[in-house]
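Each ligand, and each atom within it, is numbered from 1 in the order the structure gives. Here the structure is a predicted model, which is why all the values come from computation and not from measurement. The first residue in the sequence is number 1, and the count goes up from there.
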Amino acid sequence: MRQWRPSDVLSLEKPLRPYALIILNQKLNRLDIFKKLWSEASYRFCADGGANRLYDAFEDDVELREKYLPHAVHGDLDSLRKDVRDYYESKNVEVSQDHDQNSTDFMKCISLLRKKETSDKNKDGIKYDIVAFPALGGRFDQTIASINQLYFLKDETDRQTLLVSDENLTILLDEGKHRIECNRQLEGPTCGIMPLGGPIVLTTRGLRWNLTDYPCHFGGMVSTSNVLASDIVEIETDKPVVWTVELKEDTC
Ligand SMILES: Nc1ncnc2c1ncn2[C@@H]1O[C@H](COP(=O)(O)OP(=O)(O)OP(=O)(O)O)[C@@H](O)[C@H]1O
Ligand SMILES: Cc1ncc(C[n+]2csc(CCO)c2C)c(N)n1
């Protein structure tokens, strides 16, 4: 049984699992979430134009901007503004370019993380969880690309990947049994279990509307607008399925 506690990154003083934060190119509306994710991240990367968003979040407070310097800005750099690039380079932030036109800048940042993980400096060989923010919402193709990223990473069972958006926490559950611990002060009430990668057979416990050995697919049953009925949700699936849970307005 695989264990998940998606809201740990928002609730614990120290995360149980070290993680890398990847800031994507969407407006940082929820600075409460941003600051919490930032404070405990082991690595902080901006995916290309994510750096513009970080820079702009502190337009009224130049001193504060200087306290939020990422470890790297990485991507094809077609979105990074010149003033933002100049600023971060002047602060000795690593700014690196990868021109590959078959991978998104989010993917490129994950490749950068892998490089850091295999570098000499990471002597313990730690593998970091990945937390992306603000993920989902915005452009639909980018949203699907971010979900696709979860599928790319699903066989790496020694790391968890979490997509954090203003309103949701989203993860991918691979085939098998899962126990998701929810903190209902932060999460809920709504949730969804969505077979985005193709048809599945699903069994759930701990929800208002549960399913038992139930075939789910697009054009048929897709569990959306479901509701947490317990702090513990158990899900058994024969193929990967996306779990998403609503975030409360006041989380940090
Ligand atoms: N409109 C959007 N909606 C949702 N996510 C986005 C959006 N724009 C960018 N992102 C995310 O932020 C990352 C960095 O974005 P970037 O600044 O490079 O924009 P882009 O050039 O449109 O993205 P890419 O080059 O990755 O296709 C993207 O890889 C993607 O994950
Ligand atoms: C079949 C196919 N569809 C779309 C793209 C375009 N694309 C996908 S990721 C990416 C990088 C964006 O920074 C670009 C341009 C492609 N290469 N292959």
When you check ligand 2 against the protein, what N or O pairs turn up below 3.5 Å? List the atom names and distances, or just say none.
from     : atom 1 : to     : atom 2 : distance (Å)
ligand 2 : 7 (N)  : Gln101 : O      : 3.2
ligand 2 : 13 (O) : Asp76  : OD2    : 2.9
ligand 2 : 17 (N) : Gln101 : O      : 2.7
ligand 2 : 17 (N) : Asn102 : OD1    : 2.8

*asked:* Tell me every residue that passes side-chain hydrogen bond (donor to acceptor under 3.5 Å, both in side chains) with Gln97, counting only those two or more places apart in sequence or in another chain.
replied: none

*Could you tell me which non-hydrogen atom of Gln26 sits nearest to which non-hydrogen atom of Gly138, and how far apart they are?*
OE1-CA, 3.3 Å

_Sidechain N-carboxylate O distance under 4.0 Å for Asp86, Lys82_ = yes

*asked:* For Glu94, I'd like to know if atom CD has over 12 heavy atoms of other residues, nucleotides or ligands within 6.0 Å.
replied: yes

*Please work out which of the three classes, parallel, tilted or perpendicular, describes the rings of Tyr88 and Tyr55, given edges at 30° and 60°.*
perpendicular

*Quick one: do the Thr190 and Glu246 side chains pair a donor with an acceptor below 3.5 Å?*
yes

*List, by chain and number, the other hydrophobic cluster members for Val201, where Ile, Leu, Val, Met, Phe, Trp and Tyr join if side-chain heavy atoms come within less than 4.5 Å, directly or indirectly.*
none

_Quick check on Tyr151: does its OH atom have over 12 non-hydrogen neighbours (other residues, nucleotides or ligands) under 6.0 Å away?_
yes

*asked:* Residue by residue, ordered by chain and number, which ones reach under 4.0 Å of ligand 1 with a heavy atom?
replied: Leu24, Asn25, Gln26, Ala47, Asp48, Gly49, Asp76, Asp78, Ser79, Thr104, Asp105, Phe106, Gly137, Gly138, Arg139, Gln142

*Is the number of heavy atoms from other residues, nucleotides or ligands under 6.0 Å of Arg205 CZ greater than 12?*
no

